[in-house]
Novice: 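The structure follows.
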Amino acid sequence: IHTMMRLLCQVLLKSLLIYSFPRISFYFLLLYLLKKLEFIFQLHFEVEEQIDTIVIAGMGGRLISEILEYGRAKLASISRLILQPNNREDELRSWLVSKGFRLLAEDILEEAGKFYEILVAEAGQQTLTEQEKRFGPFLMKQELPAFQLRWQKELKKLEGALAHIPEKNELERSAMSKKIESIKEV
């Protein structure tokens with residue numbers, strides 16, 4: 001939890017400084033965060049008028065998408081989403097762009113063998129390739145050690161799984177080989 005909160009704060013500060021408050025001092029930025037952010041820890045949410053940012057963290061990308069879909073009518077007043085999916089990041093990115101959101105920033109952190117991605121989004125149009133949905137359009141462009149390590153580990157895992165798929169299962173082997181090649185391309 002501590003790592004996740006630390007990463008969330010880092011991304012919040014980066015995204016707010018880059019996109020909203022380029023000249024505001026750190027002290028006033030922290031005051032702003034304390035007044036404006038509402039952390040939501042429910043499977044559904046009620047949006048109060050003063051809330052402009054929603055943070056959903058610590059669950060899968062599919063569940064985050066379902067939560068957002070459930071409360072979609074209430075998202076019109078929200079200016080920013082800060083999301084930390086534990087898995088299925090590609091599904092969450094797909095949901096975001098299909099529902100009229102665009103990614104502003106992404107970050108990744110590795111701690112104790114676990115990888116944490118943070119997605120910052122706001123209302124807007126964006127098109128993502130399948131590769132960008134899977135790997136993250138910003139993460140692909142940055143040369144972050146955690147990103148490289150994550151996909152190296154995933155590559156080894158998939159190569160090991162491919163070695164255990166019998167040769168007669170051509171479709172399964174082909175699908176696994178495509179996943180392996182997509183990682184090697186990045």
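Note that the coordinates shown come from a computational prediction; the quantities given were computed from them, not determined experimentally. Numbering of residues begins at 1 and proceeds along the displayed sequence.
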Novice: Can you name the residues that form a side-chain hydrogen bond (donor to acceptor under 3.5 Å, both in side chains) with Glu181, not counting sequence neighbours?
Specialist: none
Novice: Report the distance from atom CD of Gln84 to atom CD1 of Ile118, rounding to the nearest 0.5 Å.
Specialist: 5.0 Å
Novice: State which residues pass salt bridge (charged side-chain N to carboxylate O under 4.0 Å, His left out) with Glu132; sequence neighbours excluded, sorted by chain then number.
Specialist: none
Novice: Can you list the residues that meet the salt bridge (charged side-chain N to carboxylate O under 4.0 Å, His left out) rule with Glu122, with sequence neighbours excluded?
Specialist: Arg80, Arg102
Novice: Dump the intermediate steps for side-chain contact (heavy atoms from CB on, under 4.5 Å) on Ile54 and Leu75, then the final yes or no.
Specialist: CA-CA 9 Å; Ile54 293 178; Leu75 291 178; 4.1 Å; yes
Novice: So Val97 and Thr127, do their side chains get closer than 4.5 Å, heavy atoms only?
Specialist: no
Novice: Grab the two heavy atoms, one from Gln126 and one from Leu103, that are nearest each other, plus how far apart they are.
Specialist: OE1-N, 2.7 Å
Novice: Taking side chain to side chain contact (heavy atoms under 4.5 Å, CB included) as the definition, give me every residue that meets it alongside Ser94, ordered by chain and number, with sequence neighbours left out.
Specialist: Lys133
Novice: Are there more than 12 heavy atoms of other residues, nucleotides or ligands under 6.0 Å from atom NZ of Lys99?
Specialist: yes
Novice: Tell me, do Leu83 and Leu96 make a side-chain contact under 4.5 Å, heavy atoms counted?
Specialist: yes
Novice: Testing the basics here: between Leu92 and Ile64, what is the closest heavy-atom pair and its distance to 0.1 Å?
Specialist: CD1-CG2, 3.8 Å
Novice: Ignoring hydrogens, what is the shortest heavy-atom contact between Trp95 and Ser98? Give both atom names and the distance.
Specialist: O-OG, 2.9 Å
Novice: Using the rule given for side-chain contact (heavy atoms from CB on, under 4.5 Å), can you reason through Arg62 versus Glu66, listing the C-alpha separation, both sets of side-chain angles and the distance that settles it, and then say yes or no?
Specialist: CA-CA 6 Å; Arg62 181 179 291 164; Glu66 290 172 2; 3.6 Å; yes
Novice: If I compare all heavy atoms of Phe101 with all of Ala123, which pair ends up nearest, and what's the gap?
Specialist: CD2-N, 3.7 Å
Novice: What pair of heavy atoms forms the shortest contact from Gly60 to Pro85, and how long is it?
Specialist: C-CB, 4.3 Å
Novice: Among all residues two or more places apart in sequence or in another chain, which pass the salt bridge (charged side-chain N to carboxylate O under 4.0 Å, His left out) test with Lys179?
Specialist: none
Novice: Would you check if Ile183 and Glu154 make a side-chain contact, meaning some heavy-atom pair closer than 4.5 Å?
Specialist: yes
Novice: Is any side-chain heavy atom of Ile56 closer than 4.5 Å to a side-chain heavy atom of Leu63?
Specialist: no
Novice: How many angstroms lie between atom CG of Asn86 and atom OH of Tyr116, to the nearest 0.5 angstrom?
Specialist: 7.0 Å
Novice: Show your working on salt bridge (Lys or Arg N to Asp or Glu O under 4.0 Å) between Glu69 and Arg72 and close with a plain yes or no.
Specialist: CA-CA 5 Å; Glu69 184 64 35; Arg72 192 161 150 227; 3.4 Å; yes
Novice: Please name all residues satisfying side-chain hydrogen bond (donor to acceptor under 3.5 Å, both in side chains) with Ser182, sequence neighbours left out, ordered by chain then number.
Specialist: Arg134
Novice: Would you mind writing out the side-chain donor-acceptor pairs for residues 138-151 within the sub-3.5 Å range, not counting sequence neighbours?
Specialist:
| residue | atom | partner | partner atom | Å |
| --- | --- | --- | --- | --- |
| Arg150 | NH1 | Glu117 | OE2 | 2.3 |
| Arg150 | NH2 | Glu89 | OE1 | 3.3 |

Novice: For residues 160-174, which side-chain N or O atoms pair as donor and acceptor with protein atoms under 3.5 Å away, sequence neighbours left out?
Specialist:
| residue | atom | partner | partner atom | Å |
| --- | --- | --- | --- | --- |
| His164 | ND1 | Gly160 | O | 2.7 |
| Glu167 | OE2 | Arg173 | NH2 | 3.4 |
| Asn169 | ND2 | Glu172 | OE1 | 3.4 |
| Arg173 | NH1 | Leu162 | O | 2.9 |
| Arg173 | NH1 | Ile165 | O | 2.8 |

